[in-house]
Amino acid sequence: MGSDQTLEKTLPIIHFNTENLTPGSSSWLSTSKIVRCALESHGCFIAVYERISSEIHEKMFNLSKELFEVPVGIKEQNTSDYLGFGYGAKFSNMPLIEYLGITNGATLEATKDFTNLMWPNGNDTFCETAFSYSMLLLELKNVVMRMVLENYGVEKYYEHLKHSAFHLMRFIKYRTPEMNEVNTGLQPHVDKTFLSVVATNQVKGLEFETKDGEWIGFEPSASAFLVIAGEGFTAWSNSKVYAPLHRVIIGGTEEKYTIGLFSFMHGTLPIPEEFVDDKNPLQFKPFDNVAFLDYCGGENVIAQRAIKDFCGI
Ligand SMILES: O=C(O)CCC(=O)C(=O)O
Ligand SMILES: [Fe+2]
């Protein structure tokens, strides 16, 4: 296990292995502290998680290429009322990005429904691989949640949060820019989620802004996943967890593919009293993550950090 979080111009890197994945072990406890610190200082970190083998990772990304080859008319049937869910492409300010999403990702039923929508004659390999892969991302997300909550001494909320969570499994493709075309893959934004785990192919482009305004690029490598906090987690933790601004710039000649498991919460969440004291007065009212998404999908979409406007005190 190691952490490079004090190094400037790099994202914190946290290794997860058999030893520190054993709840209650001293190594679990020390890793929990490092995870919490990373989410407070950067709002994200690189998780080196070897339980996700390079075989399934590669298989999933190859299938994801196949997914984007499905005819547009079918991809467009992947609709959703939520901001950023469903199918999206051909945005005037972000011409390179195309995405598809499984609402209620990391469930077999939704993965099957999505597969059957994309391939009316079926595609068992896609369905099985996407489901297994989403479960592995979910496992990592849950480990991180549990570690952070334990380290804050608020583990009593873990089961409730785990059961209130629902996930968007999002597949993204960024094509390379043509001559004189902008290289913006994804505009700078802060996720409206609680917590996400994002995997990418070997192509660079994802960048995070540090608290002092510098942009740091993510260098993809085998078994490296990004854990990113969203504004929901910031509100719930009374601003202890930081949600970082990030963007995608497509520079090279290769297409970038991303697969992310983005978590959101159902229901109204109050801010635990453990996060509030004289030095840290309550900053947010109880909030509904789904209502927050709706709020951001309306005319407030421009605001990069909308949570304060939505439920700040
Ligand atoms: O494609 C990526 O690397 C990042 C995607 C992302 O930030 C998002 O979908 O919110
Ligand atoms: Fe994002």
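Numbering of ligands and ligand atoms starts at 1, following listing order.
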Open item on the list: Aromatic contact between Phe287 and Phe310, with the criterion being ring centroids under 6.0 Å apart: yes or no?
Closed with: no
TODO: Distance to 0.1 Å, residue and atom name: give those for the protein heavy atom nearest to atom 10 (O) of ligand 1.
DONE: His189 NE2, 3.0 Å
- [ ] Could you list which atoms of ligand 1 come closer than 4.0 Å to a heavy atom of Arg170?
- [x] 8 (C), 9 (O), 10 (O)
Task: Parallel, tilted or perpendicular: rings of His57 and Tyr133 (30°, 60°) - done: tilted
Open item on the list: I need the contact type for Leu226 against ligand 1. Using non-hydrogen atoms and a strict under-4.0 Å cut-off, is it side chain, backbone, both or neither?
Closed with: neither
TODO: Identify the residue among Ile307, Asn289, Val154, Val241 that makes a side chain to side chain contact (heavy atoms under 4.5 Å, CB included) with Trp236.
DONE: Val154
Open item on the list: Looking at Glu155, I'd like to know if its CD atom is crowded, meaning that more than 12 non-hydrogen atoms belonging to other residues, nucleotides or ligands lie closer than 6.0 Å.
Closed with: yes
Open item on the list: Out of all atoms in ligand 1, which are within 4.0 Å of some heavy atom of Val248? Include the element for each.
Closed with: 1 (O), 2 (C), 3 (O), 4 (C)
Open item on the list: If we only consider heavy atoms of Tyr99, is any one of them less than 4.0 Å away from an atom in ligand 1?
Closed with: no
Open item on the list: Just to confirm my output: which protein heavy-atom neighbour is closest to atom 1 (O) of ligand 1, and how far is it?
Closed with: Tyr174 OH, 2.5 Å
Open item on the list: Can you confirm if the aromatic rings of Phe233 and Phe194 lie within a centre distance of less than 6.0 Å?
Closed with: yes
- [ ] Would you tell me whether His42 and Lys211 have side-chain atoms, one donor and one acceptor, within less than 3.5 Å of each other?
- [x] no
- [ ] Please could you name the atoms of ligand 1 that Asp191 approaches to less than 4.0 Å, counting only its heavy atoms?
- [x] 10 (O)
Open item on the list: Just by distance, no angles: are the side chains of Asn151 and Ser32 close enough, under 3.5 Å, to form a donor-acceptor pair?
Closed with: no
- [ ] Among all protein heavy atoms, pick out the one at the shortest distance from atom 6 (C) of ligand 1; state its residue, atom name and that distance to 0.1 Å.
- [x] Leu186 CD2, 3.4 Å
- [ ] Quick one: look at Ile228 and ligand 1, take heavy-atom pairs under 4.0 Å, and tell me if it's side chain, backbone, both or neither.
- [x] neither
Open item on the list: Under a 3.5 Å threshold, yes or no: a donor from one side chain and an acceptor from the other, between His15 and Asn17?
Closed with: no
Open item on the list: Looking at ligand 1, is there an atom of it that comes within less than 4.0 Å of some heavy atom belonging to Phe218?
Closed with: no
Task: His246 neighbourhood, listing ligand 1 atoms whose heavy-atom distance to it stays under 4.0 Å - done: 7 (O)
- [ ] Could you grab the angle centred on the Fe ion (ligand 2), going from NE2 in His189 to OD1 in Asp191, to 10°?
- [x] 90°
- [ ] Below 4.0 angstrom from a heavy atom of Leu206, which ligand 1 atoms are there? Numbered from 1 as shown, please.
- [x] 3 (O), 4 (C)
Task: Heavy atom of the protein closest to atom 3 (O) of ligand 1 (residue, atom name, distance) - done: Lys256 NZ, 2.9 Å
TODO: Establish, from distance only, whether the side-chain atoms of Tyr87 and Glu98 form a donor-acceptor pair under 3.5 Å.
DONE: yes
